[in-house]
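Report on the structure given below.
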Protein chains: 2
Amino acid sequence: MVEFRSQCPIASTLDIVGDKWSLLILRSMVVGATSYSDFLASAEKISTNILAERLRRLEDAGLIARATARQGSIRGAYALTPRGAALIPALQGARPMGRGQHSGQMGGA
Amino acid sequence: MVEFRSQCPIASTLDIVGDKWSLLILRSMVVGATSYSDFLASAEKISTNILAERLRRLEDAGLIARATARQGSIRGAYALTPRGAALIPALQGARPMGRGQHSGQMGGA
DNA sequence: CTTTGTGCTTGCATTTTGCAAGTTAGAATC
DNA sequence: GATTCTAACTTGCAAAATGCAAGCACAAAG
């Protein structure tokens, strides 16, 4: 479980996604990634232990969900929850360090 | 200098502000903080070495600027640059983990 | 029942963070 | 102009997070 540093909703959100990887995982989902190997294939080369831990954390926080086909058939198959989807507009706005005119696509999965 | 992991503008932005503190510093500026001690006074208790390093990084990245009153009279006196201000809308959207109906104020400095 | 591929876990070196204490430089007081 | 005060950092070191490489589990294919 994640500890919240304060009552501030922004700080609380950053307690979940305030690291170099979590928001990139959400970004990858926006552009179509749904499986563990999809996330691994992104341009930024996340390591497997970090990916597994972040997926667990994002799931615990209710931002993503596993499509738990009962009796453990499909593994992986992650999807954004409504709460996770609520972060996407913020993500779209989070690119002032990009080169170009801030009007391109979100980039590869 | 910060290394960029990929060409993705979101990843590049996270290479600058993708940690637990940078965006909280920007949030504090939105609600009025301008000095080192203002930042230290926020509810989340950032430590001094991290604060000093983040201020330097944010300044290097062009997201904030020191109001360098010539001949070093006022120290501190940080302000958002246009590029830094461009992140504020994203910040506003980054609070799905907050309690309540997602319609409150940004919280204390 | 062996092989293959996906989805993780583990071990360990490196890096980042947090905490406490110390230093520096203007500002105020004498 | 020396002394004291205080805001603004810097430094040292322990603790936690990260990155890398290797290994394991388990289902599906042959």
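In what follows, chains carry the letters A, B, and so on, assigned in the order in which the sequence lines appear, proteins first and then strands, with residues in each chain numbered from 1.
Listed candidates were D:dT18, C:dT17, D:dT10. Nearest to the side chain of B:Tyr36 is D:dT10. Considering only side-chain atoms of A:Asp19, the nucleotide from C:dG18, D:dT18, D:dC9 that sits closest is D:dT18. Distance from the side chain of B:Ala52 is smallest for D:dT10 among the nucleotides C:dT9, D:dT10, D:dG19. For B:Asn49, the listed nucleotide lying nearest its side chain is C:dG18; candidates were C:dT9, C:dA21, C:dG18.
Within a 6.0 Å sphere centred on CD of B:Glu53, other residues, nucleotides and ligands contribute more than 12 heavy atoms.
Atom CG in B:Leu55 sits about 7 Å away from atom P in D:dC9, given to the nearest Å. For A:Ile50 and C:dG11, the CD1 to P distance is 16 Å, given to the nearest whole Å. Between the CD1 atom of A:Ile64 and the C1' atom of C:dG7 there is a distance of 14 Å, given to the nearest Å. Distance A:Arg54 CZ to D:dA17 P: 9 Å, rounded to the nearest Å. Between B:Asp15 atom CG and D:dG19 atom P the separation is 11 Å, expressed in whole Å. Atom CG in A:Leu51 sits roughly 14 Å away from atom P in C:dT6 (whole-Å rounding). Separating the CG atom of A:Leu40 from the P atom of D:dG19 is a distance of 13 Å, rounded to the nearest angstrom. Atom P of nucleotide D:dA17 and atom CD of A:Glu53 are separated by 8 Å, given to the nearest angstrom.
For the pair B:Glu44 and B:Arg27, the salt-bridge criterion is met [side-chain N within less than 4.0 Å of a carboxylate O].
With B:Trp21 as the aromatic partner, B:Arg57 does not meet the cation-pi criteria of under 6.0 angstrom to the ring centre and within 45 degrees of the ring axis.
An OP1 or OP2 oxygen of D:dC9 is reached within less than 4.0 angstrom by a side-chain nitrogen or oxygen of B:Arg66. Between B:Ser37 and D:dA8, a side-chain N or O to OP1/OP2 separation shorter than 4.0 Å is present. In this model, the phosphate group of D:dG19 is approached by a side-chain N or O of A:Trp21 to a distance below 4.0 Å at OP1 or OP2. For the pair A:Arg56 and C:dT9, the criterion of a side-chain N or O lying under 4.0 Å from OP1 or OP2 is met. The shortest distance between the side-chain N/O atoms of A:Ser47 and the OP1/OP2 oxygens of D:dC20 is not below 4.0 Å.
Put simply, the side chain of B:Ile16 does not reach to within 4.5 Å of the side chain of B:Ser22, judged on heavy atoms.
Side-chain contact, A:Asp15 with A:Ser12: no donor N or O sits under 3.5 Å from an acceptor N or O.
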